Protein chains: 2
Amino acid sequence: MATARAIGGPCQAWPAESAFIREVLDRIGDKWSVLVISTLDVGPLRYSDLQASIPGISQRMLTVTLKALERDGLLTRTAYPEVPPRVEYALTGLGRSLVGAVMTLANWAATHHEDVAASRRDHERTGVGRQKSARAV
Amino acid sequence: MATARAIGGPCQAWPAESAFIREVLDRIGDKWSVLVISTLDVGPLRYSDLQASIPGISQRMLTVTLKALERDGLLTRTAYPEVPPRVEYALTGLGRSLVGAVMTLANWAATHHEDVAASRRDHERTGVGRQKSARAV
DNA sequence: CAGGATCCTGGAGGATACTG
DNA sequence: CAGTATCCTCCAGGATCCTG
């Protein structure tokens with residue numbers, strides 16, 4: 001696996017990169033962005049299709065999310081001047097590259113979710129009391 | 001209503017992985033987890049060192065975050081029964097593997113943040129009016 | 001159809017004070 | 001030192017209604 005050391009020095013480090021990673025995490029960390037871009041990864045869709053493809057999303061959040069993603073250059077909005085209005089959303093190359101990066105995390109999740117689940121079960125069985133103790137030096 | 005009706009409805013993507021990826025994103029998407037694990041990636045640290053290494057974190061959030069990460073098996077807590085209490089936190093193998101996965105995103109951020117920034121500038125220059133339009137089919 | 005404008009609430013998260 | 005307990009604020013995000 002690739003070691004993390006690539007980024008600057010120790011803790012205080014992450015000179016400015018921490019800002020970049022936070023931007024990305026703020027975007028994909030929210031409730032809907034990843035669902036939207038992964039849905040669009042299949043192909044362009046219109047507003048109502050997105051809403052139907054993403055159960056539980058409100059119009060407000062769909063609109064807000066789409067605007068944010070468009071603003072960041074991750075997708076494009078194309079309005080067709082027809083009589084029943086039609087608007088299509090499509091990933092940009094940048095957006096697709098982000099989907100690829102997120103897939104790495106998805107793979108991690110798929111590979112290790114059982115470990116995480118096991119750890120959680122262990123910690124809830126043993127309650128709060130379970131702590132690793134060590135002898136004094 | 002609509003009780004998060006099982007994934008796999010209209011959306012043909014990501015069968016059940018969407019649940020796993022959400023777990024991961026809920027964890028690393030929050031404000032502090034990534035900072036904590038990346039700080040610990042350098043080596044084990046005690047509570048006060050973590051607090052000092054992560055400017056702006058409150059004791060509450062440090063404690064909450066550490067507990068969550070420990071619960072998920074990403075780090076271990078070791079209390080040394082000494083007179084001034086000493087507690088050390090260290091990443092597990094699982095935790096380190098997650099850091100590696102997150103680094104992929106960090107690299108994406110470092111590579112593409114300029115594109116994103118440019119897109120944002122463009123969208124704020126042109127205001128809301130900037131939209132791609134297309135002729136009717 | 002594709003949103004915009006409002007109102008409202010839960011819960012993430014900060015500040016502070018206290019304790020084993 | 002390493003937390004716990006409490007209070008309080010703020011805003012992400014859902015629900016609802018309106019419009020070009």
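All values reported here derive from a predicted model rather than from experimental measurement.
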_Presence of A:K67 side-chain N/O under 4.0 Å of C:dG4 phosphate oxygens OP1/OP2_ = yes
*asked:* Can you confirm whether A:L91 sits close enough to A:D41 that some side-chain heavy atom of one is under 4.5 Å from a side-chain heavy atom of the other?
replied: yes
*asked:* Looking only at the side chains, is there a donor atom on one of A:S119 and A:D122 sitting less than 3.5 Å from an acceptor on the other?
replied: no
*To the nearest Å, how far apart are A:L69 CG and C:dG3 C1'?*
16 Å
*For A:P84, which contact category applies under a 4.0 Å heavy-atom criterion: base, sugar-phosphate, or nothing?*
nothing
*asked:* What's the closest nucleotide to the side chain of A:S48 if the choices are C:dG3, C:dA2, D:dT4?
replied: C:dA2
*Please determine, by modelled atom types, if A:T104 and A:N107 share a side-chain donor-acceptor pair under 3.5 angstrom.*
no
*Summarise protein proximity over nucleotides 6-15 of chain C in one line of letters, 5' to 3': B for base, S for sugar-phosphate only, - for none, counting protein heavy atoms closer than 4.0 Å.*
B------BBB
*Which nucleotide in the list C:dG3, D:dC1, D:dT4 gets nearest to the side chain of B:T63?*
D:dT4
*For B:I54 and D:dA2, what is the distance between atoms CD1 and P respectively, to the nearest whole Å?*
14 Å
_Beyond-backbone contact of B:D72 with B:R27, side-chain heavy atoms, under 4.5 angstrom_ = yes
*So does A:R120 pair up with B:E70, basic N to acidic O under 4.0 Å?*
no
*Rounded off to whole Å, could you give me the CG-to-P distance for the B:L45 and D:dA2 pair?*
11 Å
*asked:* From CG of B:L62 over to C1' of D:dA2, roughly how many Å is that when rounded to an integer?
replied: 10 Å
*Aromatic plane relationship, A:Y47 with A:Y89 - under 30° parallel, 30 to 60° tilted, over 60° perpendicular*: tilted
*Take the protein atom CD of B:E70 and the nucleotide atom P of D:dA2, then report the distance between them rounded to whole Å.*
15 Å
*Let me know the distance between CG of B:D26 and C1' of D:dG13, rounded to the nearest Å.*
14 Å
_Measuring from the side chain of A:R77 (C-beta onward, heavy atoms only), which nucleotide among C:dC1, C:dG3, D:dA2 has the closest atom?_
C:dG3
*Within a strict 4.5 Å, meaning less than it, do heavy atoms of the B:L98 and A:L105 side chains meet?*
yes
*Rounded to the nearest Å, what distance is computed from the CD atom of residue A:E88 to the P atom of nucleotide C:dC1?*
15 Å
*Over how many whole Å does the gap from B:R86 atom CZ to D:dG3 atom P extend?*
13 Å
*Taking only side-chain nitrogens and oxygens of A:Y89, does any of them come within less than 4.0 Å of OP1 or OP2 of C:dG3?*
yes
